[in-house]
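First comes the structure, then the notes that go with it.
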Number of protein chains: 2
Amino acid sequence: MEIEEAKQHFIQSWGTLGSNWGVNRTMAQIHALLLVSNEPISTEDMMEQLQISRGNANMNTRTLIEWGIVTKTHVPGERKEFFQTDKDIWALARQVVKQRRQREIEPMLRVLQEVKDVEGKDKETKEFKELIENIDSFTQKADDLMDKFIRSDEHWFYRQLLKMV
Amino acid sequence: MEIEEAKQHFIQSWGTLGSNWGVNRTMAQIHALLLVSNEPISTEDMMEQLQISRGNANMNTRTLIEWGIVTKTHVPGERKEFFQTDKDIWALARQVVKQRRQREIEPMLRVLQEVKDVEGKDKETKEFKELIENIDSFTQKADDLMDKFIRSDEHWFYRQLLKMV
DNA sequence: TGAAACTTTCAGAAATAATTGAAAGTTGTT
DNA sequence: AACAACTTTCAATTATTTCTGAAAGTTTCA
């Protein structure tokens, strides 16, 4: 396989992976394109290489920036904006975990809290409370793990893995 | 808040959470309904409580069964099928992780493998190979962690968390 | 066997999400 | 200030996903 074909294949797969995780295909592809590019790339480049419209490129790039995984840069002599992403895959993973934690764990914990003080002493209510209690406990542990991951570095994570039986 | 309201609220939130994770809303709601039900429920029950069609209820229930998180049961004296889910939230999490691992990690590793032996000794190719190598290494570690989680029980997981600094 | 009870399927409809492209907005230069 | 270069916005369109409901299929039992 030659390099251009490989990059293309990678971009496609990254897009598919993204859409499985609730990230839109184009957004994941833009990210993949940035990953495989040696230099920062412009909106024009994205449009050409992914065959997408200016609006689409702009919107999805903005979302990537909001997620904190893409940054704007400038190329000397060029007036337009260029974009780049951190090639450190651990940094990327940390950033994504951080986003999802904030965006999903926190709302979930809030709902569980709201629902927790349901009135009643009957069996049905007790069982419901127990379920909510279990989900809450699980969610908090997941939250704790994510928090540790976000604060960690690659080596820490690797050591933790080794420590596990 | 009284019990029916609380259950309703929970079902809605579970639906939203699901759709953030690439699980369709109805599927997540059916699952939530099973979680909060004290007895197994029938397709009719789902249709009525979630206000959905028979086809929709049937299809999504089937997918939940394929995912291994819902099972069929029978209620004595009743001819129709009933469904139930494991209320153990850890068992549920393990099952979901198992599915996603099989469905996403494996294909990703295959793509990385394909793309890894790209030809060329130039800088561009070298950098690409390095990127792929890093993603591959990360993915394998994630795979390893998932594998450990799948084989674990709640207490094991809790102990691992405590061991982490 | 036949017919009621129940389940599954799937083509079309409806809902939702993603994308386009052109106009409006902004920034920098002369 | 006027213009060119560039970015952003958003209404309209297109694509994708989900849902419906009725017909076909299956099971159970008298």
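Naming: A, B, ... by sequence-line order, numbering from 1 per chain.
Across the interface with DNA chain C, nearest-nucleotide mapping of B:G55 and A:M59 shows B:G55 to be the residue nearer the 5′ end. Each of B:N56 and B:E44 has a nearest nucleotide on DNA chain C; the 5'-most of these lies closest to B:E44.
A salt bridge does not link B:R110 with B:E106: none of the charged nitrogens is closer than 4.0 Å to a carboxylate oxygen. We find that B:E44 and B:R54 are joined by a salt bridge, their nearest charged nitrogen and carboxylate oxygen being less than 4.0 Å apart. Between B:D122 and B:K126 there is no salt bridge, since no side-chain N of the basic residue sits under 4.0 Å from a carboxylate O of the acidic one.
Distance from the side chain of B:N58 is smallest for C:dT7 among the nucleotides D:dT7, C:dT7, C:dT20.
Near DNA chain D, meaning a heavy atom under 4.0 Å from it, residues 24-40 of chain B has B:N24, B:T26 in order of number.
Protein atom CZ of A:F83 is 13 Å distant from nucleotide atom P of D:dC6, rounded to whole Å. If you measure from atom CD of B:E81 to atom C1' of D:dT28, you get 13 Å, rounded to the nearest angstrom. For the pair A:I41 CD1 and D:dT7 C1', the interatomic distance rounds to 16 Å; values are reported in whole Å. Between the NZ atom of A:K72 and the C1' atom of D:dC6 there is a distance of 11 Å, given to the nearest Å. Rounded to whole Å, the distance from CD on B:Q51 to P on C:dA14 is 18 Å. Atom P of nucleotide C:dG21 and atom CD1 of A:I52 are separated by 12 Å, given to the nearest angstrom. For the pair A:R54 CZ and C:dA22 P, the interatomic distance rounds to 11 Å; values are reported in whole Å. To the nearest angstrom, P of C:dT19 lies 15 Å from CZ of A:R62.
Below 30°, between 30° and 60°, or above 60°: for A:F138 and B:W90 the angle between ring planes is above 60°, a perpendicular geometry.
In terms of polar N and O atoms assigned as donor or acceptor, the side chain of A:R79 comes within less than 3.5 Å of the base of C:dT27 in a complementary pairing.
Side chain of A:K129 to backbone of A:V118: a donor-acceptor contact under 3.5 angstrom is found. Between the side chain of A:N56 and the backbone N or O of A:S53, no donor-acceptor pair lies under 3.5 Å. Side chain of A:K116 to backbone of A:I132: no donor-acceptor contact under 3.5 angstrom is found.
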